[in-house]
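Quick notes on the structure that follows.
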Amino acid sequence: MNKKTNILLLPGDGIGPEVCSSVKEVINCLNNNTEIDFLVDEDLVGGCSYERHKVPITDKVIAKAKNSDGILLGSVGSPIYESLPFELRPERGLLKLRKELDLFANIRPAKVFNSLVDASSLKRDIVKNMDIVVLRELTGGIYFGEPRGIENLSDGQRKGINTEVYTTNEIIRLGRVGFEIASLRKKAVHSVEKANVMESGVLWREEIHKLKEKEFPDISLKNMYADNCAMQLVKDPKQFDVIVTGNLFGDILSDISAELTGSLGMLPSASLGEFGDSKKRKSLYEPVHGSAPDIAGKNIANPIAMILSLSMFLNYTLNFKNLSDLLEKSVEETLNRGYRTKDIMQKNCNLVSTSEMGNLITENLETLLIKNEI
Ligand code: IPM
Ligand code: MG
């Protein structure tokens, strides 16, 4: 197993640095107790990069990202930058990373831990044992489509423009990842678009169908309109296995699926590129939650989404499925023992801070590692 793995750690803004210090503890624990050798290089993205360099990400950081084995990112954004032009806003740093590294496949699993069933805003029967994945296209669609911009009209009005664009290749490469994920799970894909009103949705539906017929005949495929999918997710989320969708719908639907699990603070994500000639793919791991400026700096944020993002790193970039499972198990056991950060606090549980939760999970992981002799 002895592998040197270069991680680029980009804590970013808001609660990013706090949840990243917990993940650094977990990384140290893995370095000390396994043959993994993580080398961590830390740098700036988002508002903190703007403060230092007047851009939300520098070319140097993009170059480092391209040369790393994987990126761990905390979060970007703060209301204090809302008046900046778009290209200087913190979010642009993240969008540029996704685009420049061609991280087109964004995997957002939403799994309800047994001990948190009652933390969900939905009734326990509806979410108990829920385990779904939203696969979101991340480098195309309306987030990047041209033309875009704000124009002045001759009558004094202004016009805001964004364009939803998808090509067959973009749809097929994402669809393929979706069917592959489903083939390791319950073998069911829901392809989500608005083919009733959008041509890009019609193309999406047709291409996903052709792909299924040609390459994945044994996976079940259903189409669903995005608005109906939003409704079905809160009505009966367990009907889903893998939801395959575009950038904007995926952004929205993954926030819904995350909240079903009890808190946005629980959900990790992986963003993957294509396999290159070296058979390695670029990868970035980040929590689904944002920078949460309202609770930043208070040591109360939930570090679990960040820690589970590292677990996805172990699985998808390093192919250490057993270690990834072990880290997930240490999170689950810590929850089973009744420890909770504020966002998932329940009656008769122990309220802990960000750093305490990080410590508890790390201690537990250490015990599991020693027991498992990995
Ligand atoms: C997400 C976030 C981002 C997005 C923002 C921060 C640019 O909401 O990762 O879901 O819209 O993609
Ligand atoms: Mg979002």
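Atoms within each ligand, like the ligands themselves, are counted from 1 in listed order.
Only protein N, O or S atoms were considered, and those under 2.8 Å from the Mg ion (ligand 2) are Asp251 OD1.
Geometrically, Arg89 does not engage Tyr81 in a cation-pi contact, judged by NZ or CZ lying under 6.0 Å from the ring centre and within 45° of the ring axis. Arg173 forms a cation-pi arrangement with Phe104, by the criterion of a distance under 6.0 Å to the ring centre and an angle within 45° of the ring axis.
Asp69 and Thr5 share no side-chain donor-acceptor pair at under 3.5 Å. For the residue pair Glu259 / Thr261, no side-chain donor-acceptor distance below 3.5 Å is found, with atom types taken as modelled. Under the 3.5 Å distance criterion, with hydrogens and angles disregarded, a donor-acceptor pair is assigned to the side chains of Ser271 and Asn106. Looking only at atom types and distance, the side chain of Asn364 has no donor-acceptor partner in the side chain of Ser330 under 3.5 Å away. In summary, the side chains of Tyr166 and Glu193 do not present any donor paired with an acceptor at a separation below 3.5 Å, with no hydrogens or angles considered.
The ring pair (Phe, Tyr, Trp, His ring centres under 6.0 Å) test applied to Phe179 returns Phe216, not counting sequence neighbours. Remark: Arg185 pairs with Asp131, Asp241 by the side-chain hydrogen bond (donor to acceptor under 3.5 Å, both in side chains) rule, at least two apart or across chains.
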Pick out the protein N or O atoms lying less than 3.5 Å from any N or O of ligand 1, and list each pair with its distance.
residue  : atom   : partner : partner atom : Å
ligand 1 : 8 (O)  : Asp251  : OD1          : 3.3
ligand 1 : 9 (O)  : Arg98   : NH2          : 2.7
ligand 1 : 9 (O)  : Arg108  : NH2          : 2.8
ligand 1 : 10 (O) : Arg108  : NH1          : 3.1
ligand 1 : 10 (O) : Arg108  : NH2          : 3.2
ligand 1 : 10 (O) : Arg136  : NH1          : 3.2
ligand 1 : 10 (O) : Asp251  : OD1          : 2.9
ligand 1 : 11 (O) : Tyr143  : OH           : 2.5
ligand 1 : 12 (O) : Arg98   : NH1          : 2.8
ligand 1 : 12 (O) : Arg136  : NH1          : 3.3
ligand 1 : 12 (O) : Arg136  : NH2          : 2.8

